[in-house]
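Following: one structure in structure tokens, then a few remarks.
Every chain is numbered from 1, with letters handed out A, B, ... down the list of sequences.
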Protein chains: 2
Amino acid sequence: MKMSDRKRKILQIVVDEYINTAVPVSSKSIAEKHLTDVSSATVRNELASLEELGYLTQFHTSGGRVPSPQAYRFYIEELMEKGDLSEQDLDYIERSFSGKSNDVEHLVRSVSKVISELTDYTSVGIGPHADEERIRNIALLACGEGRALLVIVTGERILRDSFIEIPDGMTNEELENASRVIAKLFEGKALSEVKDVEEEVLSEFGQYRQVMHEVIDALKSYTRPRDEDVVLTGAEKIFNHPEYDDIENVKNFLTVISSKDKLAEIIGDENDEIQINVKIGSCDDAEVPEDCSVVTATYSAGGKNLGTYGVIGPIRMDYHKVITVLENVGKALEGIIGNKQNDKNEKKDKKDE
Amino acid sequence: MKMSDRKRKILQIVVDEYINTAVPVSSKSIAEKHLTDVSSATVRNELASLEELGYLTQFHTSGGRVPSPQAYRFYIEELMEKGDLSEQDLDYIERSFSGKSNDVEHLVRSVSKVISELTDYTSVGIGPHADEERIRNIALLACGEGRALLVIVTGERILRDSFIEIPDGMTNEELENASRVIAKLFEGKALSEVKDVEEEVLSEFGQYRQVMHEVIDALKSYTRPRDEDVVLTGAEKIFNHPEYDDIENVKNFLTVISSKDKLAEIIGDENDEIQINVKIGSCDDAEVPEDCSVVTATYSAGGKNLGTYGVIGPIRMDYHKVITVLENVGKALEGIIGNKQNDKNEKKDKKDE
DNA sequence: GTTAGCACTCTCATTCATCAAGTGCTAACG
DNA sequence: CGTTAGCACTTGATGAATGAGAGTGCTAAC
């Protein structure tokens with residue numbers, strides 16, 4: 001059965017209406033409010049047909065219709081009316097990123113916060129994978145008996161750090177030397193390349209082989225995302241949506257978002273080629289819990305990855321708003337990070353003259 | 001009216017029973033299960049009297065009695081039966097801390113996790129205040145155009161970090177020099193002392209006054225606790241307790257724990273002299289939400305503060321279990337940290353010989 | 001001081017009737 | 001053949017009535 005224009009129109013009305021009101025929509029309301037040229041009986045026929053096509057379901061015979069996941073997908077791809085954010089929202093984005101925030105952790109937090117505030121959904125963010133970042137500087141700093149702090153700075157203004165046990169009797173000078181040697185060895189390398197040079201590097205080190213071993217282990221550990229990299233904002237926002245008047249749903253939701261691991265899986269597992277990605281529970285992705293939708297975007301600016309962000313919420317989600325917010329945040333980030341880089345390049349150019 | 005022994009006994013039974021079952025307890029059940037030598041009518045008289053004294057309340061006339069906040073407090077201070085954790089739980093604590101974990105952030109996380117797992121309540125932890133920690137090492141590391149990473153290592157194996165803008169044209173060598181000078185200036189100082197020497201230090205710096213200014217600002221900022229310092233574990237645990245079958249309570253709870261600021265206030269605001277602190281909502285502390293109890297402990301080992309940890313949950317909380325867990329975690333930490341320090345001192349002593 | 005007995009109160013689950021909403025179907029219409 | 005009016009049917013939601021069960025408070029007797 002083909003999808004007539006009228007069917008499309010009606011489907012769009014149903015989805016729009018349901019997203020706005022959370023109430024199953026009836027043939028009568030459609031005929032009265034949106035399709036005044038036909039009767040409710042006609043609409044009823046169309047609805048029955050859309051139901052047969054798998055786009056609509058009803059909880060019970062006298063309860064109006066509700067979009068199926070398939071309908072949401074179709075809606076997002078073909079039906080949704082485009083339209084930008086309000087001036088107010090755009091302003092808010094602008095103001096939020098114009099400020100200081102000079103390292104990735106803060107950036108991740110503020111991006112996540114902005115998304116949550118504007119969409120009114122719970123937002124998740126995960127910073128950029130460190131895998132492909134190149135090491136800019138690396139140092140071992142003395143910090144009391146038997147221990148040194150390993151600091152790694154990468155091109156992406158990311159830094160990670162951890163403690164390394166050092167042998168007794170290693171002096172501060174020796175440590176500084178080791179630090180310098182290590183810096184030389186790894187500068188310019190991507191974290192993902194560390195394992196390739198592992199053998200080679202270790203063989204060069206006699207005396208402090210053990211220290212080197214720890215350094216390499218630490219470096220390798222940074223290629224895996226850690227709990228701390230996943231930020232969650234606005235968990236309480238779910239109570240603004242009536243599906244979470246039901247305790248079971250809240251329980252489900254809270255259990256999922258309590259595990260940073262699970263969140264990372266849900267968020268992180270997206271296709272790089274698609275800028276904005278929508279996963280609808282029980283339909284697109286096993287990780288996403290039933291009754292939940294997850295919309296994510298992976299940002300980059302100046303060719304650099306800035307992490308993946310998104311919202312998690314009920315399937316009846318305001319996809320238009322969410323997607324528009326994600327798009328605009330992306331643009332804003334690109335603008336800001338882009339400009340900063342340009343500034344820098346200009347300065348550099350000036351210097352080079 | 002004085003509190004007879006029998007009243008105490010009955011009150012203890014009511015609180016114990018209610019904590020275990022979450023069901024208001026009746027005179028009949030007390031007489032049958034615990035006080036077989038008297039009749040329910042006698043118990044009833046005692047209950048009425050305890051109610052008059054403010055220890056018990058009832059939701060409705062035929063609903064049995066429930067302890068008041070005042071009763072819980074009395075229970076904790078005088079009635080609660082002492083008794084240690086099971087072998088199994090002690091083992092779990094042992095195993096959890098015997099491992100690697102070599103910096104504060106990991107420690108905070110694992111302590112919080114252990115507490116949440118063993119008590120079955122949501123746990124909050126906040127790392128030690130940096131105020132009084134002495135700076136061990138401080139360094140500025142180059143990391144791309146116009147920016148340097150400020151790394152601070154304190155005696156408490158804590159480290160904090162942030163980025164500093166540096167002037168154009170400052171070379172790596174200059175940076176290393178500045179780094180060394182700064183390290184000399186601040187080594188051994190407590191973070192809380194930084195503001196005292198601010199003027200003096202700034203006046204010594206001509207050329208790189210601006211850099212120094214940023215360094216000092218950063219140092220000062222570490223005396224305030226940051227969102228990242230507050231960790232939350234086991235939020236989903238509340239669903240194991242029937243008071244959170246009610247959506248309103250969940251909403252309340254989730255809203256509170258979503259704000260790290262609020263959490264920090266609730267947790268952090270305790271009296272240093274008391275090792276274990278119990279706050280019962282709407283009775284002890286304005287910060288603690290109505291219907292919630294918060295039990296916290298501030299740990300230290302070898303004279304050093306290790307942070308404040310606790311659980312947040314319903315007023316009908318298993319105080320005995322919670323307090324015992326907190327005590328044992330404290331002991332375990334003291335044991336481990338203490339030993340490590342001893343090891344080190346021994347090594348040092350040997351070297352000195 | 002303790003107890004048995006009983007009336008009283010309140011909750012909870014069940015039943016029943018009613019109402020409103022919305023559909024599906026059928027028959028009629030243009 | 002698409003559209004429509006009309007109507008029977010289904011279902012959930014609401015509220016009143018009811019009875020059972022639990023627990024208390026009070027009184028009078030021990």
Review point. Could you write nucleotides 9-26 of chain C as a row of B, S and -, 5' to 3', where a protein heavy atom under 4.0 Å of any base atom gives B, of only sugar-phosphate atoms gives S, and otherwise -?
Key: BBS---------BBBBB-
**Study point:** Rounded distance in Å - CG (Leu35(B)) to P (dG1(C))
**Key:** 18 Å
Check your understanding: Given atom CG of Asp5(A) and atom P of dG2(D), what is their separation to the nearest angstrom?
Key ->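 About 16 Å, once rounded to whole Å.
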Review point. Between Lys113(B) and Glu117(B), is there a salt bridge with N-O shorter than 4.0 Å?
Key: no
When you compare the protein's N or O atoms with those of nucleotides 16-20 of chain D, which come within less than 3.5 Å of each other, and at what distance?
none

Side chain to side chain donor-acceptor pair (under 3.5 Å) with [X]: which residues, sequence neighbours excluded?
{"X": "Glu78(B)", "result": "Arg8(B)"}
{"X": "Ser123(A)", "result": "Ser112(A)"}
{"X": "Glu46(B)", "result": "Arg6(B), Lys7(B)"}
{"X": "Ser39(B)", "result": "Thr42(B)"}

**Study point:** Pairs satisfying side-chain hydrogen bond (donor to acceptor under 3.5 Å, both in side chains), at least one member in residues 240-256 of chain A, at least two apart
**Key:** Asp120(A)-Asn240(A), Glu243(A)-Arg316(A)
**Study point:** Pairing string, 5' to 3', for DNA chain D - Watson-Crick or wobble contacts under 3.5 Å, brackets [ ] where pairs cross, | to another strand
**Key:** ||||||||||||||||||||||||||||||
**Study point:** ring pair (Phe, Tyr, Trp, His ring centres under 6.0 Å) partners for Phe74(A), two or more places apart
**Key:** Tyr55(A)
Review point. Residues two or more places apart in sequence or in another chain: which of them pass ring pair (Phe, Tyr, Trp, His ring centres under 6.0 Å) with Tyr319(A)?
Key: Tyr72(A)
Review point. Within the pair Thr42(A) and dT4(D), is there a side-chain N or O less than 4.0 Å away from OP1 or OP2?
Key: yes
Atom pairs and distances, donor-acceptor, side-chain atoms in residues 19-30 of chain B, under 3.5 Å, two or more places apart:
unit_1   : atom_1 : unit_2   : atom_2 : d
Asn20(B) : ND2    : Asp16(B) : O      : 3.4
Thr21(B) : OG1    : Glu17(B) : O      : 2.8
Thr21(B) : OG1    : Val23(B) : N      : 3.2
Ser26(B) : OG     : Ser29(B) : N      : 3.2
Ser27(B) : OG     : Arg44(B) : NH1    : 3.4
Ser29(B) : OG     : Ser26(B) : O      : 3.1

Practice item. Name all pairs fulfilling the salt bridge (charged side-chain N to carboxylate O under 4.0 Å, His left out) condition that reach into residues 83-92 of chain A, sequence neighbours left out, sorted by first residue then second. Key: Asp89(A)-Lys321(A)
